[in-house]
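Right, one structure below, let's go through it.
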Amino acid sequence: MTPETRQDNLRWNRLGQRLCLGMTMAVVAVLVAILAYLVWHGGDRLTIGFFLDFPKDLGREGGILPILVSTMVLAVLALAIAVPLGIGTAVYLTEYTREGWVTTVIRFGAECLAGIPSIIFGLFGFILFVVHLGLGWSILSGALTLACMVLPTIIRTSEEAIKAVPAVLRQVGFSLGATKSQVIWHIVLPQARRGIITGVILALGRVMGETACVIFTTGISMEMPTSPLDSARSMAVHFYLLAREGISMEMANTTALALVGMILLINTAAAVLVARRSSR
Amino acid sequence: MSDTERSSTHLGRREENIRLGLLAVAFSAVFVLALIILFVFQAGVPLIWKTGLGPFLGGLEWGPTRGQFGILAMIVGTIQVTLGALLLGVPLSLLAAIHLSEFAKPSTRVVLKPLIELLAAIPSVVYGFIGVVVLVPFVRETFGGSGFSVLTAAVVLGVMILPTVISISVDALQAVPHSYREGALALGATPWQAVTRVVVPAARSGIVTAVVLGMGRAMGETMAVIMVAGNAVVVPTSPLHPCRTLTSNIALEMAYAAGDHQKALFATGVVLFVMIFLLNALATALVRRR
């Protein structure tokens with residue numbers, strides 16, 4: 001090899017590495033810039049009162065109390081439906097069956113479901129829950145739709161968590177005379193708890209930020225919900241309407257900051273759980 | 001029959017019931033998928049037959065209140081915006097993934113990867129909003145036009161697919177055995193050569209998966225695109241023209257559509273569903289062939 005090409009190779013090496021570093025920094029800068037924008041333009045209005053006040057004048061003034069409550073109820077209800085189904089599926093896939101056509105069909109179904117855009121879930125929720133089942137625009141319709149949407153996420157994360165439980169723990173359980181369901185309930189699930197909770201937390205963040213499928217199933221009512229059959233407005237939908245219809249860019253900024261702040265806190269909690277799990 | 005035997009057959013029956021219950025639960029995802037296909041197709045497909053498959057897919061006239069249902073402009077808009085997002089997002093993501101996997105210290109990677117994944121947690125409406133208040137004025141002043149354009153939508157989507165593509169690409173690169181790198185370095189390759197000629201080709205199938213998932217996310221994105229793309233039903237001939245995607249067509253008109261108009265929106269959903277399904281099938285085939 002002539003000295004020139006060796007020199008060239010080293011120059012390309014430096015250039016390539018710097019380029020990669022630069023791009024990584026650019027991606028991080030995008031995140032920082034988005035957060036900085038929201039804090040800069042919405043931070044001063046984000047007070048305790050904002051969370052505890054009712055919205056006035058279509059959301060131009062006041063706070064987001066009923067919207068916050070609706071968001072929470074919607075998210076909790078959606079997870080209450082999706083989590084048992086997701087964990088049940090994961091338990092069946094990992095503990096009760098070998099790889100075969102049954103698992104292939106189930107995995108294929110979950111994978112397809114994960115790839116479907118949220119707007120199609122919105123269409124589906126509208127036609128099935130709102131129209132055919134007569135639930136109307138309601139928190140229940142929205143929660144059922146969101147549950148369908150996050151089901152694949154919960155299946156995948158729970159499956160990974162359960163697979164990570166060492167086989168020897170199961171054998172100890174069986175050797176003590178426990179039945180399969182007892183081993184799962186008393187040994188496997190408690191061991192996999194942290195991983196499962198992480199998945200649930202990630203799903204919670206996704207549910208809270210979702211707009212397209214909520215707006216067509218839950219509606220846009222700003223009243224405080226009194227039953228799951230009431231129409232309601234989630235924070236993401238509220239923010240969308242404020243910004244899209246030009247009602248108030250200032251309030252849109254503050255709502256966005258509150259929403260992103262909550263979701264990032266939730267995700268950070270999940271990341272901390274993962275870190276603690278892997279460091280154990 | 002003694003007590004212990006009775007209790008063991010009782011236990012056995014209980015275990016069998018639990019197994020059957022879990023089997024039923026395990027089909028929930030498949031069941032939901034079947035329901036989605038059933039209900040969305042049932043609402044949309046009759047209108048496609050009524051209009052005719054050719055006129056529906058190839059028609060340029062979208063006048064739902066006049067009974068004109070042609071979605072070609074939306075199909076073209078979707079493809080343009082998606083390809084634009086990939087053009088911008090994929091090289092950026094790959095270089096960042098290479099840095100995170102190959103050149104960054106493990107301690108840096110542990111911090112940066114979750115940080116970048118936080119980008120995926122930001123709701124799509126927020127991306128749309130930032131697009132409207134920052135990017136649209138920027139495009140208007142720099143390149144002209146209204147600022148609501150294919151280009152703006154592609155940039156917003158390009159950013160939105162970053163966390164997906166980076167995260168999966170990093171996992172794919174990390175899965176390449178260490179001996180590959182050592183072998184290349186021992187032969188006198190620079191680290192950059194080892195990465196570009198050995199590690200990246202070895203991780204190709206994972207990277208393809210990452211790109212396809214990012215593509216699916218870009219194609220299915222709704223709210224962010226509505227806010228920045230301008231939504232005019234025309235075939236865009238310049239990146240600075242406004243466009244409407246299949247997803248935005250549904251979301252924009254769903255609130256007031258009725259009768260055949262509503263069915264046409266479900267039909268738009270059917271087309272979107274089929275496009276994404278074909279995309280995923282193609283990706284699976286590509287990955288399997290290797």
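In the text below, chain A, chain B and the rest are named by the order of the sequence lines, each starting its count at 1.
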Query - Close contacts, residues 237-246 of chain A versus chain B, judged by heavy atoms under 4.5 Å - result: Phe239(A), Tyr240(A), Ala243(A), Arg244(A)
Query raised in the report: Given that the side chain runs from C-beta out, which part of Phe103(B) has a heavy atom under 4.5 Å from chain A: side chain, backbone, both or neither?
Result: side chain
Query raised in the report: Is the distance between the ring centroids of Phe273(B) and Phe41(B) less than 6.0 Å?
Result: yes
Query raised in the report: Taking the side chain as C-beta and beyond, is there a heavy-atom pair between Ile36(B) and Phe121(A) under 4.5 Å?
Result: yes
**Report entry** Neighbourhood of chain B inside residues 90-97 of chain A, taking heavy atoms under 4.5 Å as contact
**Finding:** Val91(A), Tyr92(A), Tyr96(A)
Query raised in the report: Under 4.5 Å between any side-chain heavy atoms of Thr268(B) and Met74(B), yes or no?
Result: no
Query raised in the report: At a heavy-atom separation under 4.5 Å, does Leu119(B) approach chain A through its side chain, its backbone, both, or neither?
Result: both
Query raised in the report: Where on Ile276(B) is there a heavy atom nearer than 4.5 Å to chain A: the side chain, the backbone, both, or neither?
Result: side chain
Query raised in the report: Ala43(B) versus chain A, heavy atoms under 4.5 Å apart: side chain, backbone, both or neither?
Result: side chain
Query raised in the report: Which bit of Gln262(B) comes within less than 4.5 Å of chain A, counting heavy atoms only: side chain, backbone, both or neither?
Result: side chain
Report task. Counting only heavy atoms closer than 4.5 Å, note whether Leu279(B) contacts chain A via side chain, backbone, both or neither. Result -> neither
**Report entry** Side chain, backbone, both or neither of Val126(B) within contact of chain A (heavy atoms, under 4.5 Å)
**Finding:** both
